[in-house]
Amino acid sequence: MPDPDLDRYYLTTAIAYANNRPGLHTLYEVIGADAIARYRRMKGHDTRFLTGTDEYSVNIALTAAEQGKDPKHFVDEMVALFKAAEDALQISPDRFIRTTDEDHQRAVHEMIRRSYANGDLYVGTYEGWYCPNEGFIPASQLVEDANGTHCANHPNVELQWLSERNWFFRLSAYQERLERYYAEHPDWVQPEYRRNEMLGFIRGGLEDFSVSREKATWGVPFPIREDGSSAQLPDGSWDPAAGRVYVWFDALTNYITGAGFPDDPAAFAKWWPCDVHIIGKDINRLHTIMWPAMLMSAGLDLPKLVWVHGWLLVQGERMSKSRGNFFDPNDMVAALGSDGTRYAALSEVAFDRDSDVSWDSFVRRYNADLANDFGNLVNRTVTMVNRYLDGERPPPSEAALLQPTWLSALEGYRMNIEGFLLHEAIASLWGFVANANRLVDAEKPWELAKAAQSGDRPAERRLRDVLGDLVEACRLLALAAAPFIPSTAPRVLAQLGHEWRYAENGTGGPPLLDELGWGASGGQPGRVGTPEPLFPRLDVEIPVA
RNA sequence: GGCGGAGUAGCUCAGUGGUAGAGCAGGGGACUCAUAAGCCCUUGGUCGGUGGUUCGAAUCCGCCCUCCGCUACCA
């Protein structure tokens with residue numbers, strides 16, 4: 001029978017600003033989304049996972065110019081760094097979208113045409129302090145001292161008060177509609193406190209925002225002129241006098257470009273609205289106030305859910321490139337491995353709030369959970385089967401010694417991963433790791449083996465039952481943890497003598513929840529492999545940059 | 001300033017009326033299948049302060065202190 005829950009699943013991350021090499025604080029969100037995407041694929045959903053880079057801005061054009069590079073050349077280099085880091089972390093996007101992609105420009109243009117047709121775009125005057133090195137400076141970043149007013153990043157550059165004729169989006173017209181949408185979809189922004197913050201903001205009144213820049217050169221060309229006519233020239237290029245699209249319509253639209261808008265209506269009908277946008281708290285307002293208003297204006301459905309995660313902190317301060325306190329994901333992969341890095345990040349950082357991280361905490365987490373608890377459990381299980389049963393793998397026992405605890409662990413795992421509390425899902429699984437380790441010490445297979453040697457038949461049966469259930473426990477754990485540790489999970493199954501039936505990105509196998517039933521491996525005979533440490537213990541303190 | 005949240009063991013947190021909890025870290029022990037891992041036991045907290053309500057408060061109410069989030073054009 002068809003399972004209505006096994007629909008297609010479309011999830012996105014925010015696109016990363018391609019102005020620098022990626023840090024862990026940027027990739028953390030992508031790792032989390034990747035784990036969710038893998039879980040959905042293994043569960044059987046037709047899954048689409050979109051992530052990518054945001055590449056247009058005045059700042060990027062300036063940075064590129066400072067380095068004597070063409071902006072496109074500059075972002076190509078940055079994107080290569082992002083892709084390399086994501087490859088090293090086994091990130092599995094179905095599309096890596098770039099705002100410089102050709103189809104994205106068509107999507108942005110279509111969004112703007114629709115919004116204009118709906119009467120929500122008008123030409124107005126945008127004015128404010130302008131830094132020649134950086135563009136318009138918001139009031140929050142102005143510094144005032146004895147020398148006057150200037151921008152925080154360029155204290156010696158004189159500011160100019162500039163006015164531009166720019167396009168504005170009529171956000172003020174959407175206050176009531178947004179309030180109603182929030183009321184009718186009380187769970188659409190999560191966690192709840194993030195929803196409440198935004199609702200409070202909406203109730204405080206909404207102002208229109210500018211959506212174009214008259215003088216910018218590095219950006220999507222604005223597609224219409226002031227009179228509403230197309231700004232496309234006879235040769236197919238776009239009239240520079242129409243200006244460029246300013247961030248909002250450019251960046252946010254990537255989510256529908258990635259679903260096939262507007263080129264592929266069939267794909268778009270299939271994938272949109274997305275199931276979830278995974279974003280950081282710093283861009284909550286863009287995604288839960290501006291973006292939904294833009295979609296309403298264009299006559300498109302709103303995302304089903306926006307999940308807002310917190311920040312990584314280092315000694316209480318936000319991890320960021322500008323502070324220079326960021327962890328290089330490549331260093332982490334070098335030390336902890338791909339899966340070790342993914343696991344450490346997702347277990348040590350709560351997905352619903354800020355979390356302080358440190359190199360020590362990551363290493364401790366790796367050693368305690370991966371090396372000592374889980375890795376060692378697999379290792380001792382495989383070793384005992386080899387030593388006491390000559391490598392012949394016993395089936396799960398009729399006694400099903402660990403089944404009750406597995407059922408509650410599985411429920412906690414499923415509920416939490418589907419509710420985006422990835423750290424809680426991991427904690428639920430690792431509680432079961434402890435249960436399995438306790439079973440070993442309670443049953444003492446080494447004593448059962450000795451008794452069996454001297455002809456004690458009940459002891460021999462018990463030995464096979466205990467080891468059969470431990471093998472089953474390891475199989476279940478590896479499969480359930482596969483979204484978090486995709487490289488290691490197949491290695492666990494191999495050591496247990498089981499076949500790994502999923503493709504590298506998690507597709508193509510049997511429904512995960514079927515496989516996660518206690519005893520689902522059945523009684524097929526088989527032999528375990530050679531025990532080999534999955535997560536070598538880290539004994540050396542590795543200094544962090 | 002306004003609105004909201006939080007202050008519980010060294011660290012991260014759970015616990016919303018009935019004799020204070022978990023994980024990690026620290027200490028001790030028995031074992032030995034294992035990556036000197038695992039298991040068992042254990043040190044450690046006037047539950048931010050204060051005044052109330054109650055037979056009884058970490059838990060409810062008032063006041064105070066501290067910290068944090070949101071408070072629009074940065075991607």
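Within every chain, numbering begins at 1; the chains are lettered A, B, ... in the order of the sequence lines, protein sequences first and strands thereafter.
Formation of a donor-acceptor pair under 3.5 Å by the A/Glu179 side chain with backbone atoms of A/Arg203 is not found in this model. Side chain of A/Asp120 to backbone of A/Phe169: no donor-acceptor contact under 3.5 angstrom is found. The closest donor-acceptor contact from the side chain of A/Thr341 to the backbone of A/Met332 lies under 3.5 Å. Side chain of A/Ser428 to backbone of A/Glu424: no donor-acceptor contact under 3.5 angstrom is found.
Not a single donor-acceptor pair, N or O on each side, falls under 3.5 Å between the base of B/rA75 and the side chain of A/Asp54. In the interface, the side chain of A/Asp441 is paired with the base of B/rG38 through a donor and an acceptor atom under 3.5 Å apart.
Contacts of A/Tyr193 with the nucleic acid, taken as non-hydrogen atoms under 4.0 Å apart, are absent. Within the nucleic acid shown, A/Leu206 comes within 4.0 Å of at least one base atom, counting heavy atoms only. As judged by a 4.0 angstrom heavy-atom cut-off over every strand, A/Phe535 is placed among the base-contacting residues. Using a 4.0 Å heavy-atom distance criterion, A/Lys444 is classed as making no nucleic acid contact. Residue contacts for A/Ser210: at a heavy-atom cut-off of 4.0 Å it reaches a base atom on one of the strands shown. Residue A/Asp208 is in base contact, counting any heavy-atom pair closer than 4.0 Å across all strands shown. At the heavy-atom level, A/Arg365 lies nowhere under 4.0 Å from the strands shown. Across all strands, A/Ala371 comes closer than 4.0 Å to base atoms (heavy-atom distances). Among the heavy atoms of the strands, none lies under 4.0 Å from A/Leu286. Residue-level contact check: A/Leu171 touches the bases, meaning some heavy atom is under 4.0 Å from a base atom. A/Gly200 comes within 4.0 angstrom of nothing in the nucleic acid, heavy atoms only.
Between A/Arg380 and A/Asp441, at least one side-chain N (NZ, or NE/NH1/NH2) sits under 4.0 Å from a carboxylate O, which counts as a salt bridge.
Projected onto RNA chain B by closest heavy-atom contact, A/Asp373 and A/Leu370 fall at different nucleotides, the more 5' of which corresponds to A/Leu370. Across the interface with RNA chain B, nearest-nucleotide mapping of A/Gly205 and A/Arg318 shows A/Gly205 to be the residue nearer the 5′ end.
We find that CZ of A/Phe351 is positioned 17 Å from P of B/rC13, with the value rounded to whole Å. One interatomic measurement links the two molecules: CD of A/Glu532 to P of B/rA37, which rounds to 20 Å at whole-angstrom precision. Counting to the nearest Å, the P atom of B/rG38 and the CG atom of A/Asn437 are 8 Å from each other. Nucleotide B/rG38 holds its C1' atom 14 Å from the CG atom of A/Asp369, rounded to whole Å. Look at CE on A/Met384: it is 14 Å from C1' on B/rU35, rounded to the nearest Å. In this structure, CG of A/Asn367 is placed 20 Å from P of B/rA34, rounded to the nearest angstrom. As a whole-Å value, the separation of A/Lys450 NZ from B/rC31 P is 12 Å. Atom NE2 of A/His287 is separated from atom P of B/rA75 by 13 Å (rounded to the nearest Å).
Ranking B/rA75, B/rU35, B/rA72 by closeness to the A/Phe201 side chain, first place goes to B/rA72. Comparing B/rA34, B/rU71, B/rC24 by their closest approach to the side chain of A/Arg285 singles out B/rU71. In this structure, of B/rC31, B/rC74, B/rU35, it is B/rC31 that holds the atom nearest to the side chain of A/Trp446. Considering only the side chain of A/Arg353, B/rC13 comes nearest among B/rA75, B/rC13, B/rC39. Looking at the side chain of A/Ala434, the nearest of the listed nucleotides B/rC39, B/rG69, B/rA75 is B/rC39. Among the nucleotides B/rC70, B/rC40, B/rC73, the one closest to the side chain of A/Met198 is B/rC70. In this structure, of B/rG38, B/rC33, B/rC73, it is B/rC33 that holds the atom nearest to the side chain of A/Val440. The A/Arg364 side chain lies nearest to B/rA25 when the options are B/rA25, B/rC73, B/rA75.
Under 4.0 angstrom from either OP1 or OP2 of B/rA37 there lies at least one side-chain N or O belonging to A/Arg537. When the side-chain nitrogen and oxygen atoms of A/Tyr126 are compared with OP1 and OP2 of B/rC73, none of them lie within a distance under 4.0 Å. OP1 or OP2 of B/rU35 has not a single side-chain nitrogen or oxygen of A/Asn372 nearer than 4.0 Å. The side chain of A/Arg387 contributes an N or O atom lying less than 4.0 Å from OP1 or OP2 of B/rA34. Applying the 4.0 Å criterion to OP1 and OP2 of B/rC3, one finds that A/Arg203 has every side-chain N and O outside that range.
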Query - Worked check of ring pair (Phe, Tyr, Trp, His ring centres under 6.0 Å) between A/Trp430 and A/Tyr343 - result: CA-CA 12 Å; A/Trp430 256 255; A/Tyr343 181 89; 4.7 Å; yes
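Checked against the 6.0 Å centroid criterion, the rings of A/His25 and A/Phe327 do not qualify as a close aromatic pair. Aromatic pair A/Tyr388/A/Trp446: ring centres not closer than 6.0 Å.
Within residues 422-431 of chain A, no residue is approached by RNA chain B to less than 4.0 Å at the level of any non-hydrogen atom.
Distance check: A/Arg365 CZ to A/Leu346 CG gives 11.0 Å after rounding to the nearest 0.5 Å.
For the residue pair A/Tyr56/A/His104, the side-chain donor-acceptor check at 3.5 Å is not satisfied.
Applying the Watson-Crick and G-U wobble criteria (two distances, each under 3.5 Å), B/rC31 pairs with nothing in any strand. Look at B/rC47: it lacks any Watson-Crick or wobble partner with both distances under 3.5 angstrom. Across all strands shown, B/rC55 pairs with B/rG18; the Watson-Crick or G-U wobble distances both stay below 3.5 Å. Pair assignment for B/rC67: B/rG5, on the basis of Watson-Crick or G-U wobble contacts that are both within less than 3.5 Å.
By the ring pair (Phe, Tyr, Trp, His ring centres under 6.0 Å) test, A/Phe484 pairs with no residue at all, sequence neighbours left out.
Nucleotides B/rC74 and B/rG21, compared at atom C1', are 44 Å apart to the nearest Å. Across B/rG62 and B/rG4, the matching P atoms stand 13 Å from one another, rounded to whole Å.
Aromatic stacking of A/Phe209 on B/rC73: not satisfied for centres closer than 5.5 Å together with planes under 30 degrees.
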